[in-house]
Each structure stands twice: as C-alpha cells, then as structure tokens.
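Have a look at the structure below before the remarks.
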Amino acid sequence: MHWIWVLLVGAVIGAIAGGITSQGKSMGCAANIIAGLVGSSLGQALLGDWGPQVAGMAIIPSIIGAVIIVWIVAFIISKSN
C-alpha cells in the first residue's frame, strides 16, 4: 500500500512542478510520476527533508527538486529540436 501512496504523491509533485514551469501540458501521467520521484530524490539530497512529509517525501524540497528536473528536461528537449 505504501508504494501506491508514493506513486500518487510523486504524480502530484510532478504535476505541481509542471504547472510551475508551464511544461505541464506536454507531460503525461507517467512523466509526472517520474519527475516527482526523481525530483523528490534530488530535492531531498540537496535541501534535506525539512517541512511536511507525505509517503516519506518532504513536500517542499521535493517540489523544488521536481521543478529543477522539469526545467532541465525541457531545456534538453528544446535544444534537440
């Protein structure tokens, strides 16, 4: 049951990051989950695990990390086109 919560929270974090960066329209559900999970790992590695936590993920550092991931991926994709 824990993994379901992790995937749902990852999807929400990825969707929030996509909305902040205006890249949310081009991202699908799987991309939101991946951005949320990878961003959560990056954000917590860089900023720690402060703030409210849901499913073992600190929300604020996770969103910041996901925004960084979405910006990097959007930059790489725009350069390749």
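Below, each value reflects all heavy atoms present in this structure, side chains not excepted, and no hydrogens, waters or symmetry copies. None of the values given here were measured: they were computed from a predicted structure.
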Connected via hydrophobic side-chain network under 4.5 Å: [X] and [Y]:
| X | Y | value |
| --- | --- | --- |
| Phe75 | Ile34 | no |
| Ile63 | Leu37 | yes |
| Ile72 | Val38 | yes |
| Ile4 | Leu7 | no |

Going by atom type alone, with no hydrogens or angles, which donor-acceptor pairs under 3.5 Å involve a side-chain atom of residues 48-61 and a protein atom two or more places apart or on another chain?
{"unit_1": "Trp50", "atom_1": "NE1", "unit_2": "Leu47", "atom_2": "O", "d": "2.9"}
{"unit_1": "Gln53", "atom_1": "NE2", "unit_2": "Asp49", "atom_2": "O", "d": "3.1"}

**Request:** Show your reasoning for whether side-chain contact (heavy atoms from CB on, under 4.5 Å) applies to Ile64 and Leu46.
**Result:** CA-CA 10 Å; Ile64 294 170; Leu46 293 175; over 6 Å; no
Counting only pairs under 3.5 Å, give me each side-chain donor-acceptor contact of residues 9-19, with atom names and distances, residues two or more places apart or in other chains.
none

